> 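Right, I'll just put the structure down here and ask away after.
Source: prediction; values computed, not measured.
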Amino acid sequence: MSQILQIFYILISALSLAIAIPNELYHFGSPAFALISLIPLYLVATNLKSYKNALWFLALHSFLVHLFSSYWLGLFREMGILTLSASAIGTAIEGALCGLFFYIPFPRYKKYQLRLYSSASFLPISCFRILWFTICYVSWEWLKSSGFLGYPWGTISSAMYKWFTLIQIADITGRYGITFIIVLFNAILAEGIQLYFASKKYENIQARVFSYSLTAIFCSVLLVSSTIYGFYRIYQKRPVMKELNIVMVQQNSDPWESKRDNENILNSIELTEKALKEANDARKKIDLVVWSEGVLKYSFPTSKSHYKYFPKENPLIPYISSKNIPFLIGGPVNIDGDFRDFTFNSSLLFDNQGNYRGYYPKNHLVPFAEVIPFAENRKVARFFRKIGLGTGWSSGNQYVVYEIPCQKYKTKRFNRIQTYSLAETLSEQKSRENQAPFVNVATPICFDDSFPDICNRLADAGAEVFINLTDNSWSKTNCAEYQHFANSVYRCIELRLPMARSTNSGYSVILDPTGKILKDMPLFEQDSIFATIPIYQTVRTIYQRFGNWLAYLCIIFIFLVFILQIKLLNSPLDPKSENIIGRKPRKPRNSKKSRKKRN
């Protein structure tokens, strides 16, 4: 295969994957494109001629997918060019490193390739190639989605929301189980194409077809069993313990239009009043009002007195007190008055009397956009300020769960789950039943809800519902909003917890533990809704217990194959190993010529 053709295949694969991922045309992604998007990449990966080619081609593929699907990063105001270019180059470097692993079983020395396959006789060559590509790709997606540079956008699993039953296995495998199945399907189709067009090159094609058929059957079993499991999870009855009635406000304001927040607050108050009136007409008592990320501009706790008097038309703190409802609002928190450039992007909790009660700081910041490496150093910070760039936020260092009073779930007495203590008298038991229950609310902020390690820790801390505060309005694109949603929905499924996404411009939505949309708001419109979130009895899923175990197994497998190849390269070659399944035997040498050479 020529290099020009390989580059063409890389381009087609990157375009297909970008179309599969949520975009302006397919808002929730296209599973159909996801099923074929990696076929050209497989054809390139299994016909690489050198480690150098592997490095450049996989780097190019990673770079193009990032550029085609996350182009909206370039709209991040003065940091846009740095954010898009740095993230694209970083993704390309990670892709290049993984490209080297794609090539490990296929070195240019054919005799060693044959020996590797012959030593793994339990895994025929077609089967091995398919599984190797799948495992490498799963490992690649895990690498690009983890750590400080983690960026889980541009993954093939984010294209699969429409296949609602399939993605339910995320409570066992995480999103990487879905990636494994879809990439495996792509690899099987691609290997079938190669077998069809190259059947004349192999003497024992039947053996290859047999091993290929086994792999196809394995993939079919995975698809069918995952779908059956998904139906079971979707229609499974879950006991509802409590209900949380909330108001979500989508003010749709430009986050960089003004340093003052008076207009944001007044618009949010107006939208809140609209939703409270609707709730009152429906005879619903609201337990919590949620405004999106970054509504407030002045840092807490020093600005508590400021909001007692501003905005002048309707001061914030007195307004909250008059409603007698707790409020969750996005705003900054500064704990170092001498160095104000470093503040936390936080969710702020105000009780029903308007008292500031605490905050949750955003833990995972967008690299090269919200945070600059080494910006904690004051000299580095001064340098960035001199060249006209900000220093971003500080990463959070704690995991916070708020206790919010909520409503009891009204159901028939024989369905009600009750617990009694022998140490309590009957009157104490009845008084405890009449007490208002609390729901544990965790508030991952924006980028936080795309990282399972953060949400897992919040769930371990006792979270019963996630309320995500987000502001992606700066992107000015629908695809950025839906891509964020497609990543966050897996947190509901992995941990079997409901989620409310309260955003500045979209996608504001309420999800149940299966990821089903219960209520939503249109994008880039001023709006507000009230909704009842059912709070279920929490369960500790397999994924919550073991995390990304599938990705770890893939990495271990790659490491073991790497060790095996080193041993094979360092051991003497057996001449008989050259006649391996899938290769035509060499023609016997002319006996007359060999005799002359000997003489």
Side-chain angles (χ1 to χ4, degrees), residues 244-255 257-258 260-279 286-300 303-304 306-307 310-311 313-333 344-352 354-362 400 402 404 441-446 448-449 465-474 481 499-510 519-521 524-531 533:
L244 183 68
N245 296 326
I246 72 168
V247 163
M248 292 200 310
V249 172
Q250 181 175 291
Q251 74 271 18
N252 191 34
S253 61
D254 190 330
E257 188 175 307
S258 173
R260 300 184 64 191
D261 53 12
N262 288 3
E263 186 178 348
N264 288 346
I265 295 172
L266 293 174
N267 286 342
S268 298
I269 288 175
E270 183 180 347
L271 293 168
T272 300
E273 288 296 319
K274 168 181 168 289
L276 288 175
K277 184 179 182 304
E278 293 174 358
I286 297 301
D287 303 308
L288 183 65
V289 175
V290 185
W291 295 357
S292 68
E293 176 190 15
V295 174
L296 305 183
K297 302 297 183 184
Y298 296 93
S299 298
F300 276 75
S303 62
K304 287 188 292 185
H306 169 81
Y307 288 108
F310 289 91
E313 298 85 348
N314 196 349
L316 177 63
I317 300 299
Y319 172 76
I320 295 174
S321 178
S322 69
K323 296 291 108 178
N324 196 31
I325 302 171
F327 273 60
L328 265 176
I329 305 176
V333 169
F344 296 115
N345 184 4
S346 307
S347 66
L348 310 171
L349 178 65
F350 300 87
D351 64 19
N352 59 351
N355 299 312
Y356 167 66
R357 299 300 298 270
Y359 70 99
Y360 164 77
K362 184 175 181 180
V400 178
Y402 303 119
I404 306 295
V441 175
T443 58
I445 298 174
C446 196
D448 277 349
D449 69 353
V465 60
F466 293 124
I467 298 182
N468 172 249
L469 278 62
T470 291
D471 182 5
N472 291 333
S473 60
W474 52 267
E481 320 298 327
M499 175 185 286
R501 302 191 70 246
S502 182
T503 72
N504 179 12
S505 59
Y507 183 41
S508 298
V509 61
I510 294 175
K519 208 165 186 178
D520 65 351
M521 284 186 268
F524 296 103
E525 291 184 16
Q526 286 193 354
D527 201 358
S528 60
I529 58 171
F530 81 91
I533 304 177

> Could you work out, with side chain to side chain contact (heavy atoms under 4.5 Å, CB included) as the rule, every residue matching Glu278, not counting sequence neighbours?
Lys274, Phe530
> Please give me the minimum heavy-atom distance between Pro361 and Ser346, naming the atom from each residue.
CA-OG, 3.8 Å
> Once side chain to side chain contact (heavy atoms under 4.5 Å, CB included) is applied, do any residues pair with Ser321, and if so which ones, sequence neighbours excluded?
Gln353
> Nearest 0.5 Å please: distance from the CG atom of Asn252 over to the CG atom of Asn504.
6.0 Å
> Would you compute the distance between atom CD of Gln251 and atom CD of Gln526 and round it to the nearest 0.5 angstrom?
8.0 Å
> Considering residues at least two apart in sequence or located in another chain, which fulfil the side chain to side chain contact (heavy atoms under 4.5 Å, CB included) criterion with Ile529?
Met248, Lys519, Met521
> For Val295 and Val249, run side-chain contact (heavy atoms from CB on, under 4.5 Å): C-alpha distance rounded to whole Å, both residues' side-chain angles, the deciding distance at 0.1 Å, then the answer.
CA-CA 11 Å; Val295 174; Val249 172; over 6 Å; no
> I'd like to check the side chain to side chain donor-acceptor pair (under 3.5 Å) partners of Thr503; sequence neighbours left out, ordered by chain and number.
Ser508
> side-chain contact (heavy atoms from CB on, under 4.5 Å) for Phe327 and Val247? Distances and angles first, verdict last.
CA-CA 9 Å; Phe327 273 60; Val247 163; over 6 Å; no
> Quick one: list whatever passes side chain to side chain donor-acceptor pair (under 3.5 Å) with Asn262, sequence neighbours left out.
none
> With sequence neighbours excluded, what pairs up with Tyr307 under the ring-ring contact (aromatic ring centres under 6.0 Å, His included) test?
Phe300
> Any side-chain to backbone donor/acceptor pair from Asp287 onto Asn245? Under 3.5 Å, distance only.
yes
> Just jot down the salt bridge (charged side-chain N to carboxylate O under 4.0 Å, His left out) partners of Asp471, sequence neighbours excluded, or say none.
none
> Run Leu276 and Ile325 through side-chain contact (heavy atoms from CB on, under 4.5 Å) and show every step you take.
CA-CA 11 Å; Leu276 288 175; Ile325 302 171; 3.9 Å; yes
> List in chain and number order the residues that pass side chain to side chain donor-acceptor pair (under 3.5 Å) with Ser347, two or more places apart in sequence or in another chain; answer none if no residue qualifies.
Tyr402, Thr443
> Write down the atom of Leu296, the atom of Ile265, and the distance for their closest heavy-atom approach.
CD2-CD1, 3.7 Å
> Ignoring hydrogens, what is the shortest heavy-atom contact between Glu293 and Asn345? Give both atom names and the distance.
OE2-ND2, 2.6 Å
> Search all heavy atoms of Val441 against all heavy atoms of Ile404 and return the closest pair with its distance.
CG2-CG1, 3.8 Å
> Indicate the atoms forming the closest heavy-atom contact of Lys362 with Cys446, along with that distance.
NZ-CB, 3.5 Å
> Looking only at side chains, do Asn472 and Thr470 share a donor and an acceptor under 3.5 Å apart?
no
> To the nearest 0.5 Å, how far apart are CD in Glu273 and OG in Ser268?
12.0 Å
> Distance only, no hydrogens: is a donor on one side chain within 3.5 Å (strictly under) of an acceptor on the other, for Tyr298 and Asp261?
no
> Would you give the length of the straight line joining atom OG of Ser505 to atom CG of Asp527, rounded to the nearest 0.5 angstrom?
12.5 Å
> Side chain to side chain donor-acceptor pair (under 3.5 Å) with Glu525: which residues, sequence neighbours excluded?
none
> CG/Leu349 to CZ/Arg357 distance, rounded to the nearest 0.5 angstrom?
7.0 Å
> Are Thr272 and Trp291 side-chain neighbours, meaning at least one heavy-atom pair lies under 4.5 Å?
yes
> Could you give me the CA-CA distance, side-chain angles and deciding distance for Asp449 and Arg501, then say whether side-chain contact (heavy atoms from CB on, under 4.5 Å) is met?
CA-CA 10 Å; Asp449 69 353; Arg501 302 191 70 246; 3.4 Å; yes
> Could you state the interatomic distance from CZ (Phe350) to OH (Tyr319), rounded to the nearest 0.5 Å?
13.5 Å
> With sequence neighbours left out, what residues match Lys304 under salt bridge (charged side-chain N to carboxylate O under 4.0 Å, His left out)?
none
> For Leu266, what residues pass the side chain to side chain contact (heavy atoms under 4.5 Å, CB included) criterion, not counting sequence neighbours?
Pro311, Glu313, Asn314
> Search all heavy atoms of Tyr360 against all heavy atoms of Val400 and return the closest pair with its distance.
CD1-N, 3.7 Å
